[in-house]
Amino acid sequence: MPRREVDPRQELPALELEVLERWRERDVFAESLRAREAAEQWVFYEGPPTANGPPGTHHVLSRVFKDIYPRFQTMRGYRVERKGGWDCHGLPVEIAVEQQLGISSKAEIEEKIGIEAFNAACRESVFAYVSEWNRLTERIGFWLDLEHAYRTLDESYMESVWWALSEIAKRGLLYEGHKVVPYCPRCETTLSSHEVALGYEDVVDPSIYLKLQVSGGEERLLVWTTTPWTLPGNVAVAVSPGATYARVRVAEEVFLLAEDRVGPLLGEGSEILERLTGSELVERYRSYRGPIFAASDREDGELPILADAFVTTQDGTGIVHLAPAFGEDDYRVAAAAPNVPFDPTRADTLYNPVRPDGTYDGRVLSSEGRSYEGRFVKDPALTEELIADLRGRGLVLEVQEYEHSYPHCWRCGTPLLYYAKPSWYIATSKLREEMLAANETVNWYPPHVKHGRFGDWLKNNVDWALSRERYWGTPLPVWRCPRGHVHVVGSFAELAERSGIELEDHHRPYVDGAGFPCPHTDEPGGEPCGEPAKRVPEVIDVWFDSGSMPFAQHHFPFENEETFRERFPADFICEAQDQTRGWFYSLLAIATLLSWPAPYKNVVCLGLILDEQGQKMSKSKGNAVEPWPVLDTYGADALRWYFFTSKQPWDGYRFSAEAIGEGVRLFLKQLWSTYYFYVLYAQASAEELREASTDSQGNGRPGGAAEDLDRWALSRTAATAELVGERLDAYDATSAGRAIAGLVDELSNWYVRRSRRRFWEGDPAAFATLRTCLLTVAKLLAPFCPFVADEIYDNLDGSRASVHLCDFPRAAEVAPRDDELEGAMELARETVRLGLGARGQAKIKVRQPLGEAVVVADGREREGIERLADVVREELNVRRVRFVAAAEELGSYEIKPNYRTLGPIFGKEMPRAAEAVAALDPAHVAAALRDGSVIGIAVAGRDHTLSAEDVILTMRAPDGYSVEREGAHAVALDLAIDEDLLREGRAREIVHAIQSSRKTAGLQVEDRIELALSGDVSLLEAVTEHRDSIARETLATALHIANDADGAAATLDYSEQTDVEGLVLSISLRRTQPGPA
RNA sequence: GGGCGAUUAGCUCAGUUGGUUAGAGCGCUUCUCUGAUAAGGAAGAGGUCCCUGGUUCGAGUCCAGGAUCGCCCA
């Protein structure tokens, strides 16, 4: 028995708050873990968010997907620990603190604030929104152990990170290189490639065509650049070796450029004098006059022309300038060329006139000898000056505007510089093959990520730029002595032992003070170097932090070895697609660097959320959808349901409040009202149910599914349970959820609709059936909509503290499957549909009974429909259902070939085979197939015997009958309405009218009444004839029939005059007793 | 410029290994049912399955090229 009454207009958000309270009281989440204590682990890793800003709707998306599968697997019987986590370090936090403190540069941090105070502020700021996050996490029903969440700033966490890095160093994979890296001059830090990826923006830059004179002639090289600020660093130019270049005369000048570019650039007035390849061009001219900008430490002289395949002729001139300090390709090509005065192994040979803050140093001079010192290189005013200077010296052919996508700092928006800096790297590119192999063991959802976006990224892997010249991060555990020896510290104990300093906090600046004598030995067993080793100033890329979470969250290897081994690798992780180059990568890279297998087995990649107009949500546009109002209006279940079922999550969402509302109306409310219906009548029939078999109280299996309809509902429920489990196992919440919605619709709009009378009458089998179905739905739905599912379970069963402590339903345990019955019901519903169609065509209301429906069906189909003939009869409101085996009685057949079976047999001859089939006499074929005699066709000298599957016989409706047909089925209705049928129809109209009166009079559905009817004589005839059924239907304990309306109404409370089919009817009634007897 | 994905009704989305009348929900029109349901049912309007070519007896589905959008990378 349900324990509580149900409000049919229940507001779901309010309900959810009650359920949350119940979960707290009963400690359900913890209990769900305790219950599986001994069970096999199913491992989930939480990708740590940063809590220094409020959570948004896209966080809700990933968090509900992070919830559904662990919930499901817990119900499946696994133990699913869900340790929360917070990403604490990194530039986002530093930026927020800088804003808070009103500063904006590293100098200010070090000089005005001090690293100690700055990092203290960071430590505080990083959890500014943690309570907001926790509140939202709880509200959306994301079960996560927030109490024991790992934090990347914890000492234990950082120590594990140090350990990992020291292991990597031991394998010789950590090195300090001098590479050109994306660099933010404002933050004065290097950005990793995944950070760069976050900040591309379309910008307009000047596009400059320079004409540089070759050394031995009058020809001028046309050189293209969009970064004039790099020209002072120019040391060479490069052409593409294989491309064709042209010597072109325009007016007085002769230019060299790629032939492809002559037309677009020089146009009509140009005359090609000669063509030559890039290699030939290098061979002939060798050098040009440089440098492009004078510098206090550079002599005028010849600079080399080089050739390299990276140069393209698709835009520009096919000739590019090389500044190895400001370009990765430039660096590589210059480093490889013997005739460039640059040795990559000697840092001082790299010509870089730009200081770390993005301004020129004192060396760069204008043509008048004025210094550009202190000017920010991306300053548009400077750009103008540089161009004017070049123009003045006659070096400019043309300046255009060029729109392209250029990387910006993802936090502060400053355009990045490509800039050669000393930086620490992990040689991940050496492990490319291992990472690719590990990726092969991973299931990606959607699958194309595996060999697409992610696989591609791995294939093109470059070494991981690990160091950040910042403050708030895990300090790089690298110590170096004046002689250049490097030692990587692998634990806090080691540092304490070597330095004699015990630190409570290993963040900067404290760790910077811990030095020790250099332990480096030149030969094994030799004397240690002993010079004072100091930590290098950098901190570690935060992605290395988060990628270390599989072991660092457990402080492995310093403790919890067992726990770590049990929980590696993860069965499941889930983040948005932007993490392919972020966390998905750092997890895999670190595991591979430590020679472990892939750290995850299944990855769900979620798409982006766009606003209702299809625009990307962003704070600056102000179009971001806040989660709280949505939760308050529709509720967490509604939002979850929308994310799970509206589409495949990786396709991205076009957020729609309307669609969420639709989900509530069409699914949650439909479920709720089916549940309400059950509870309403279960309570009304409490007595009958208590007397009935105890089975309905027990394990949910009804003692007797009394009717086919019961067996059908149970079979459908079992089938759905199987499908939902299967789809969730395959990380396909979308199909799984839609299957549940389909079941609920079948229960509501077919099972309950067809069984209403049995519920009014208190039939225990009907109650038991619906209870089983609803409880199963509650369990199936639990991972999706944990609130409403729990409420239904708790009220209908409640033998456990929560639905989330139940096992996920297995089809076999729900009910026996009956495929035949399911098929038959399908047919019966189809038949009903056709019959209603025929009624509609004839414009005869369903309330008017008809004599006969004639159904065309044969063989198994007929048996199926016959089994459910009562259902069909009642739905169509006909006295009889008659079957005919052949269409002849209703019309005639049409015949069509089945291309699917005949196509493969006849191939090219298919059109002729189709003709042959069409030429057959349909009735003859139908009869032959029925009798088992043989019909053959001959096409292109080939004989084929037609089987029943080779042809599609369809009914052709004759004129003048009310027939609906579809494929092989047809339903015809006998439209003759005799007096008898007419009176029954009227009786039903009268019942309908009385029911309306009851409603108007404000009666409860179960109230008994005294009823008096008067009015038109022909109506009263119908009343007299159907007196009993009218009384029964309207719960009338006494029924007076009179011609005199006033007399009948006199003693009753409520009176109404209405008309039925244009005839007058007076209805008077009085409540005699409330509720069922 | 390269990679990945998407493009099906006004909107949101399904569409199995290629099979000949391309579906659902919402919305719209008309009718209908209702003693749970802001529900349900029937009929109707609404489609160049982005375009072009190809493979095939047959293409929304496979292939190639292109367009547009999104993401990622240069």
Side-chain angles (χ1 to χ4, degrees), chain A residues 6 8-9 193-194 196-198 200 310 312 314-315 328-329 404-405 407 446 448-449 451-457 459-460 576-578 580-581 607-608 610 612 614 616 645-648 650-654 656 658-659 661-667 669-681 734-735 738 741-742 745 748-750 752-753 756-757 759-760 832-841 843-847 875 877 896-904 906-914 952 964 991-992 994-996 998-999 1003-1007 1033-1035:
Chain A
V6 175
R9 306 209 184 285
S193 46
H194 22 270
V196 175
L198 297 170
Y200 274 88
F310 92 92
T312 76
Q314 275 163 355
D315 46 20
E328 206 176 336
D329 287 316
H404 62 149
S405 181
H448 61 75
V449 176
H451 294 124
R453 193 167 287 199
F454 193 69
D456 217 47
W457 164 255
K459 250 188 247 166
N460 299 316
Q577 247 173 31
D578 54 8
T580 36
R581 285 155 172 83
L608 237 74
L610 306 176
E612 310 224 5
K616 196 172 168 175
T645 61
S646 72
K647 57 193 309 192
Q648 295 291 345
W650 31 85
D651 290 339
Y653 295 81
R654 187 150 161 181
S656 159
E658 207 179 316
E662 193 176 298
V664 172
R665 229 171 63 241
L666 292 177
F667 174 67
K669 282 288 181 184
Q670 186 180 41
L671 170 63
W672 189 261
S673 90
T674 307
Y675 159 66
Y676 164 72
F677 174 88
Y678 172 84
V679 172
L680 179 68
Y681 285 99
T734 311
S735 306
R738 288 174 179 177
D745 187 66
S748 170
N749 286 324
W750 192 244
V752 170
R753 172 185 154 86
R756 270 187 292 230
R757 185 168 299 274
F759 287 98
W760 307 337
V832 168
R833 233 183 46 235
L834 293 172
L836 290 174
R839 262 187 185 274
Q841 226 175 49
K843 295 211 183 299
I844 297 177
K845 289 181 171 187
V846 180
R847 267 199 297 267
E875 278 291 313
N877 193 17
K896 278 174 146 186
N898 183 358
Y899 283 86
R900 195 186 272 270
T901 60
L902 295 178
F906 289 101
K908 259 197 266 278
E909 300 300 328
M910 190 57 213
R912 294 178 59 195
I952 298 166
E964 278 294 306
V991 168
H992 181 56
I994 298 167
Q995 304 293 22
S996 305
R998 285 184 57 119
K999 259 191 193 168
L1003 298 185
Q1004 299 296 308
V1005 292
E1006 60 272 27
D1007 289 340
E1033 292 293 307
T1034 60
L1035 299 181

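Here is the naming used below: chain letters follow the sequence lines, and residue numbers restart at 1 for every chain.
With hydrogens and angles ignored, no donor-acceptor pair closer than 3.5 Å exists between the side chain of R581(A) and the base of rC72(B).
Nucleotides rG25(B) and rC62(B) place their C1' atoms 30 Å apart, quoted to the nearest Å.
Legend: residues meeting ring-ring contact (aromatic ring centres under 6.0 Å, His included) with Y653(A), ordered by chain and number and at least two apart, are Y642(A), F643(A). Looking at residues two or more places apart in sequence or on another chain, you find no side chain to side chain donor-acceptor pair (under 3.5 Å) involving E328(A). For Y676(A), the side-chain contact (heavy atoms from CB on, under 4.5 Å) criterion is met by V6(A), P8(A), L680(A), not counting sequence neighbours. Partners of Q577(A) by side-chain contact (heavy atoms from CB on, under 4.5 Å), not counting sequence neighbours, listed by chain and number: P446(A), V449(A), R453(A), C605(A), W650(A).
Closest approach of T734(A) to Q648(A), counting heavy atoms only: OG1-OE1, 3.6 Å.
For the OP1/OP2 pair of rC33(B) and a distance below 4.0 Å, the side-chain nitrogens and oxygens of R847(A) include at least one atom meeting the criterion.
Nucleic acid contact for E1033(A): base, since at least one base atom lies under 4.0 Å from a heavy atom of the residue. Contact annotation for E662(A): backbone-only contact, meaning every heavy-atom pair under 4.0 Å involves sugar-phosphate atoms and none involves a base. Using a 4.0 Å heavy-atom criterion, one finds that V752(A) contacts the bases of the nucleic acid, with or without backbone contacts as well. At the heavy-atom level, T674(A) lies under 4.0 Å from base atoms of the strands shown.
Between W650(A) atom CH2 and rG5(B) atom P there is a gap of 14 Å when expressed in whole angstrom units. For the pair R900(A) CZ and rU61(B) P, the interatomic distance rounds to 16 Å; values are reported in whole Å.
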Writing each nucleotide of RNA chain B 5' to 3' as (, ), [, ], | or . by Watson-Crick or G-U pairing under 3.5 Å yields (((((((..((((.....[...)))).(((((.......))))).....(((((..]....)))))))))))).
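Checked against rU37(B), rU34(B), rC57(B), the side chain of S673(A) finds its nearest nucleotide in rU37(B).
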Would you tabulate the pairs of protein nitrogen or oxygen atoms and nucleotide nitrogen or oxygen atoms of nucleotides 10-13 of chain B closer than 3.5 angstrom?
{"from": "rU12(B)", "atom 1": "OP1", "to": "R654(A)", "atom 2": "NH1", "distance (Å)": "3.3"}
{"from": "rC13(B)", "atom 1": "OP1", "to": "K647(A)", "atom 2": "NZ", "distance (Å)": "2.3"}
{"from": "rC13(B)", "atom 1": "O2'", "to": "R738(A)", "atom 2": "NH2", "distance (Å)": "3.2"}

